[in-house]
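Shown next, in structure tokens, is the structure this report addresses.
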Protein chains: 2
Amino acid sequence: MSIAATTPVPEAYTPRQNAVLESALGLLVEGGERALTTAGVARAANCSKESLYKWFGDRDGLLAAMITFQSSKVKAEPRVSGATGRAALVSQLTGIAANLLKVLAGDVSLALNRLAIGQARRGEADLGQLLREHGRKPIETRLSALLEAGRREGLLDFADTREAYRTLYGLIVRDMHVRLLLGDSLDGEAPGARAAQAIDEFFRLFGREENTGPAPERTGAGNERTG
Amino acid sequence: MSIAATTPVPEAYTPRQNAVLESALGLLVEGGERALTTAGVARAANCSKESLYKWFGDRDGLLAAMITFQSSKVKAEPRVSGATGRAALVSQLTGIAANLLKVLAGDVSLALNRLAIGQARRGEADLGQLLREHGRKPIETRLSALLEAGRREGLLDFADTREAYRTLYGLIVRDMHVRLLLGDSLDGEAPGARAAQAIDEFFRLFGREENTGPAPERTGAGNERTG
DNA sequence: ACTGCAGCGTACCGTACGGTACGGTTCCGA
DNA sequence: TCGGAACCGTACCGTACGGTACGCTGCAGT
């Protein structure tokens, strides 16, 4: 409950601490949570347990620091380009979608999500909230901004941004994330192809046909799918 | 690794063992995995640890038994009605979707998924595989059968059943499952409304418009293809 | 009534882990 | 050169947990 409070202010760690967090993440990606013992982290990072406790205060503090550290690494997202038009919107959405799939399927992301989920209980959800805040909020804000821009341009038509975002998320990710979390391996499922298809489906649901050229839905032209 | 092998054949437990598994599930729903100690289960179920080990062989065996037991409880699904036509298909799909949402959001399901996910590692995924086998496979087969029936009736149009199923799953569940697993609480999001909307969206993607009109009874009519 | 079995409750063991303490070393500023 | 701070490595402590052993009770079969 005091995860956000244990770290007083710094929020940015020294290079040495970053290295320790890095090897801790490696340890987590390998053997899972049970491999993430304080002694193990100290041994893997060539540091002392005493330093660990001094820097992160607690084992939970270490876990929280690992999450914020990892999210800070992924923050290197480029800004949205100012281009307008349907093609630009589709391109940007597809890029974000593919990136989302790639991130979600990454080893470190999966390990951290497994850690937070395994930790979560009914009410208390320490790491889960932290992970949602640092991992999912950014994606949501970026996608939502893009959707609303598309709506302002008259390319998209939806009432509730959050609802539209969630549907888009569902079309992109489907059950892939939970399957991966449960240990399944995604067979083929190239991120790029899936992203493009999801964006296409999203436009068929929320696109304004006047701007899409040959309106597919009303004319019964058919929605051919390629599996 | 020997989860499926530890239980020799029975697969069905005595009432006493069922009661023990029930209280173990209750213990898991409450305090999470760390509350699920062998001593705790024995105390909560008024049985001895020795009996626990005799019945389930191992702590992992107990966990696996909890999963199979819980899935056997949910197996009380009614068969599909033989009714045909678009309305009947929509009704059945909506019912299954709402039921899926309700099950996924259930306390026991969430607790077991958290347990299996927390346990899962890169390669090894003991409980995860078991959960996928007993929890997700049934839903997939039922929904897939329904989708293919709709396609045979000319109500739906898709090439790959598995792909269509996954998109439907994404439309229904979206990010709700992972959010719940991470400890978030679904704000409003009534299962019925979400299910109906998801089915509607699915039909807008994969429905054949020619048949959306009043087609009340169509006993096994073929696929008339226009154009 | 006798016997054996299933099961409860408890005690016990070994290990593993979170957390702390301590000595030794390096490095930096005075 | 000195003092101290940071830190490494290791040893140590208490506890908690998985797993086993043992004594006792109740019940079925004969």
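Quick note on labels: first sequence line is chain A, next is B, and so on, each numbered from 1. For clarity, every value in this text was computed on a predicted model and none was experimentally measured.
- The base of dG9(C) is not paired with the side chain of K49(B) by any donor and acceptor separated by under 3.5 Å.
- Considering only the side chain of E50(B), dG23(D) comes nearest among dG23(D), dG19(D), dC7(D).
- Around atom CD of E30(A), no more than 12 heavy atoms belonging to other residues, nucleotides or ligands sit under 6.0 Å away.
- Under a 3.5 Å cut-off, the side chain of R114(A) and the backbone N or O of E33(A) do not form any donor-acceptor pair.
- Put simply, R43(B) has no side-chain N or O that comes within less than 4.0 Å of OP1 or OP2 on dC17(D).
- Looking at the side chain of K54(A), the nearest of the listed nucleotides dC8(D), dG19(C), dC7(D) is dC7(D).
- Across the protein-nucleic acid pair, Y53(A) atom OH and dA11(D) atom C1' stand 15 Å apart, rounded to whole Å.
- Distances from the side chain of S48(B) to the nucleotides dG9(D), dC8(C), dG19(C) place dC8(C) closest.
- As rounded to whole Å, 13 Å separates atom C1' of dG18(C) from atom CD of E33(A).
- Set against dG18(C), dG19(D), dC8(D), the side chain of T38(A) has dG18(C) as its closest nucleotide.
- Closest approach to the N46(B) side chain among dG9(C), dC17(D), dG19(C) is made by dG9(C) (side chain taken as heavy atoms from C-beta onward).
- Distances were taken from every side-chain heavy atom of W55(B) (C-beta onward) to each of dG7(C), dC8(D), dG19(D); the shortest belongs to dG7(C).
- Q129(B) CD: 12 or fewer foreign heavy atoms inside a 6.0 Å radius.
- Atoms CE and CG, from M176(A) and L101(A) in turn, are 5.0 Å apart once rounded to the nearest 0.5 Å.
- Spacing between atom CG of D60(B) and atom C1' of dC17(D) amounts to 14 Å, rounded to whole angstrom units.
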